*Asks:* 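My questions all concern the structure below.
Residue numbering restarts at 1 for every chain, and letters A, B, ... go by the order of the sequence lines. Side-chain atoms are counted along with the backbone in the values below, which use heavy atoms only and exclude waters and symmetry mates. These numbers come from a predicted model, not from an experiment.
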2 protein chains.
Amino acid sequence: MSDLTPYESRLKRAGLRLTAQRRVILRILTEHDDHPDATEIHRRAVERDPRISLATVYRTLKVLEETGTVDRHAFGDGPARFEQADRDHHDHLIDVDTGAVVEFSSPRIEELQREIARELGYEIVHHRLELYGRKLKA
Amino acid sequence: MSDLTPYESRLKRAGLRLTAQRRVILRILTEHDDHPDATEIHRRAVERDPRISLATVYRTLKVLEETGTVDRHAFGDGPARFEQADRDHHDHLIDVDTGAVVEFSSPRIEELQREIARELGYEIVHHRLELYGRKLKA
DNA sequence: CTCACTGCAAACCTTTTGCAATAGA
DNA sequence: TCTATTGCAAAAGGTTTGCAGTGAG
C-alpha cells in the first residue's frame with residue numbers, strides 16, 4: 001500500500017483498481033520515453049506478463065488518457081501512439097525518412113496560437129502541432 | 001475537349017483519364033468548400049451518378065492527393081477529411097462542440113516553425129497545425 | 001462478497017486490394 | 001485497340017465490445 005509510484009497512486013485516487021496488468025503498462029510508459037503504439041506496448045507488456053491481452057492494453061490506455069496520465073497522438077496516418085503526459089508541454093517533429101520523433105516547445109508559437117484563436121472568437125482547449133521534416137545535410 | 005475546368009485539365013496533364021466518376025468527385029470537392037470525409041463524398045457522388053462506388057472514391061482521392069489537387073486531413077481521430085488544395089495555405093481551428101472548421105493562416109507561426117526545425121537540423125516537408133477550441137462568450 | 005476488470009473472440013470502421021468487366025484515349 | 005479505371009466483394013489494419021470468468025478492495 002505504500003510503495004506506489006506517483007502514477008499508481010493517481011490511479012487509486014481516481015477510484016480505479018490497480019491491477020497487475022495496469023501496473024505493467026504504466027511501467028512501460030514511464031520507463032521508456034519514446035512514443036510506442038498499442039501493439040508495441042502490448043509486445044513489451046507480454047514480455048513481463050504473458051497474460052496481458054491487447055484488449056486490456058487498449059482499455060487501459062483509454063483509462064489512462066481519461067485520467068490525464070497519458071497523451072494520445074496520431075502522427076501521419078498510422079496507429080495512435082502514446083506517451084506519458086506529466087512532463088512539460090511539447091510538440092513533435094517527425095523525421096519523414098526514419099519515423100524518429102524529436103520533441104520541442106515554443107512558447108512564442110503557443111502565444112501566437114492563443115492570439116489567433118481569440119481573434120476568431122475562440123478559446124483553445126488543446127492543439128496539435130506537428131512538423132514533418134527531413135534531416136539537413138551537415 | 002475544350003470545356004474543361006482547371007482541375008480537369010490538370011488531371012489530363014498528369015496523364016490520367018478523365019472519367020465520369022472523377023468529374024463528379026472533382027465537382028463535389030470544388031463546389032462546396034467544407035471538409036467532407038470519403039463516405040460523405042460518396043454519398044454526394046451517388047446523388048449525381050449512382051454507379052460510383054466507395055472504392056472509386058478512395059482511389060480517386062488518392063490520385064488527386066498525389067497530383068496535389070486535394071489535401072487530406074485527419075482531425076481528431078475520425079476518418080480522413082478532404083478539401084481542394086489550390087487555395088492559399090491555411091491551418092484549421094476545430095470547434096470542439098460543433099465540429100465546425102475555421103480556417104486561418106499565420107505567416108509568423110510558419111516562420112517560427114522553419115526556424116525551430118532548422119535549429120533541430122531539419123528542413124520542413126510539411127506540417128500540421130490544428131487548434132481545438134470553444135467559442136468565447138460574447 | 002462485489003463488481004470492476006480481464007481474456008477471448010467476434011464485431012466494427014475505415015481503407016485497400018484482387019479480379020474480371022468496362023470504357024477513355 | 002489497349003490498358004487505365006471501375007465495381008464488387010473480400011481482406012486488411014486498428015480499435016472496440018459482449019460475455020462469462022477472475023480478482024482487487
*Asks:* Please list residues of residues 68-84 of chain B whose heavy atoms come under 4.0 Å from any atom in DNA chain D, ordered by number; otherwise none.
*Replies:*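 Heavy-atom contacts with DNA chain D come from no residue of residues 68-84 of chain B; none.
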*Asks:* List for me each residue that meets salt bridge (Lys or Arg N to Asp or Glu O under 4.0 Å) alongside A/Arg44, sequence neighbours excluded, and say none if there are none.
*Replies:*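 For A/Arg44, the residues satisfying salt bridge (Lys or Arg N to Asp or Glu O under 4.0 Å) (neighbours in sequence not counted) are A/Asp34, A/Glu40.
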*Asks:* Between B/Tyr58 and C/dT15, does any side-chain N or O lie under 4.0 Å from OP1 or OP2?
*Replies:*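 Yes, within the criterion.
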*Asks:* I'd like to check the side chain to side chain contact (heavy atoms under 4.5 Å, CB included) partners of A/Thr69; sequence neighbours left out, ordered by chain and number.
*Replies:*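 Residues passing side chain to side chain contact (heavy atoms under 4.5 Å, CB included) with A/Thr69: A/Tyr7, A/Arg10, A/Leu26, A/Leu64, A/Thr67.
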*Asks:* Decide salt bridge (charged side-chain N to carboxylate O under 4.0 Å, His left out) for A/Arg48 and A/Glu31; before the verdict, give the C-alpha distance in whole Å, the side-chain angles of both, and the deciding distance to 0.1 Å.
*Replies:* CA-CA 13 Å; A/Arg48 305 190 183 188; A/Glu31 276 178 8; 2.8 Å; yes
*Asks:* OP1, OP2 of D/dG25 versus side-chain N and O of A/Lys12: anything below 4.0 Å?
*Replies:*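 A/Lys12 to D/dG25 OP1/OP2: side-chain N or O found under 4.0 Å.
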*Asks:* Give the rounded distance in Å between these two atoms: CD of A/Glu65 and P of D/dT16.
*Replies:*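 Nearest whole value for this atom pair: 9 Å.
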*Asks:* By salt bridge (Lys or Arg N to Asp or Glu O under 4.0 Å), which residues pair with A/Glu66, not counting sequence neighbours?
*Replies:*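 Testing A/Glu66 for salt bridge (Lys or Arg N to Asp or Glu O under 4.0 Å), a comparison that skips the adjacent residues, returns none.
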*Asks:* Less than 3.5 Å between a donor and an acceptor, one on the side chain of A/Arg17 and one on the base of C/dA4, is that the case here?
*Replies:*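 Yes, a donor-acceptor pair under 3.5 Å.
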*Asks:* Please name all residues satisfying salt bridge (Lys or Arg N to Asp or Glu O under 4.0 Å) with B/Asp97, sequence neighbours left out, ordered by chain then number.
*Replies:*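 Testing B/Asp97 for salt bridge (Lys or Arg N to Asp or Glu O under 4.0 Å), a comparison that skips the adjacent residues, returns B/Arg134.
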*Asks:* Measure CG/A/Leu61 against P/C/dC5 and give the value in whole Å, please.
*Replies:*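 In whole Å, C/dC5 P lies 15 Å from A/Leu61 CG.
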*Asks:* Only counting residues at least two apart or in another chain, list the ones meeting side chain to side chain contact (heavy atoms under 4.5 Å, CB included) with B/Asp71.
*Replies:*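 In terms of side chain to side chain contact (heavy atoms under 4.5 Å, CB included), with neighbours along the sequence ignored, B/Asp71 is linked to B/His73, B/Glu83, B/Ala85.
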*Asks:* Residues in side chain to side chain contact (heavy atoms under 4.5 Å, CB included) with A/Arg72, at least two apart?
*Replies:*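 A/Glu65, A/Ala80, A/Phe82.
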*Asks:* Could you tell me which non-hydrogen atom of A/Ser106 sits nearest to which non-hydrogen atom of B/Ile116, and how far apart they are?
*Replies:*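 Minimum heavy-atom separation between A/Ser106 and B/Ile116: CB-CD1, 3.5 Å.
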*Asks:* Using modelled atom types and a 3.5 Å cut-off, is there a donor and acceptor pairing between side-chain atoms of A/His89 and backbone atoms of A/Ser105?
*Replies:*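 Absent.
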*Asks:* What pairs with A/Ala74 under side chain to side chain contact (heavy atoms under 4.5 Å, CB included), at least two apart in sequence or on another chain?
*Replies:*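 In terms of side chain to side chain contact (heavy atoms under 4.5 Å, CB included), with neighbours along the sequence ignored, A/Ala74 is linked to A/Arg128.
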*Asks:* To the nearest angstrom, how far is B/Lys62 atom NZ from D/dT6 atom P?
*Replies:*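 Distance, rounded to whole Å: 14 Å.
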*Asks:* Looking at residues 18-31 of chain B, who's got a heavy atom less than 4.0 Å off DNA chain D?
*Replies:*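 Within residues 18-31 of chain B, the residues near DNA chain D are B/Thr19, B/Gln21, B/Arg22.
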*Asks:* Residues in salt bridge (Lys or Arg N to Asp or Glu O under 4.0 Å) with B/Glu47, at least two apart?
*Replies:*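 In terms of salt bridge (Lys or Arg N to Asp or Glu O under 4.0 Å), with neighbours along the sequence ignored, B/Glu47 is linked to B/Arg43.
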*Asks:* Any idea which heavy atoms bring B/Thr98 and B/Asp95 closest together, and the distance?
*Replies:*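 In terms of heavy atoms, the two residues are closest at N-OD1, 3.1 Å.
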*Asks:* Tell me the interatomic distance from A/Leu54, atom CG, to C/dA10, atom C1', rounded to whole angstroms.
*Replies:*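 Rounding to the nearest Å, CG of A/Leu54 and C1' of C/dA10 are 14 Å apart.
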*Asks:* Provide the closest heavy-atom pair for A/Leu61 versus A/Ala38 in the form atom of the first, atom of the second, distance.
*Replies:*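 So the two residues come closest at CD1-CB, 4.1 Å.
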*Asks:* Would you kindly compare B/Leu16 and B/Ala55 by the position of their nearest DNA chain C nucleotide and give the one closer to the 5′ end?
*Replies:*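 By nearest-heavy-atom nucleotide position, the 5'-most residue is B/Ala55.
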*Asks:* Rounded to 10°, tell me the angle between the two end axes of the helix from C/dC1-D/dG25 to C/dA25-D/dT1, each built from five pairs.
*Replies:*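 About 30° separates the two local helix axes.
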*Asks:* Does anything in residues 34-53 of chain B reach DNA chain D, meaning a heavy atom under 4.0 Å, and if so which residues?
*Replies:*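 B/Arg51, B/Ile52, B/Ser53, in order of number.
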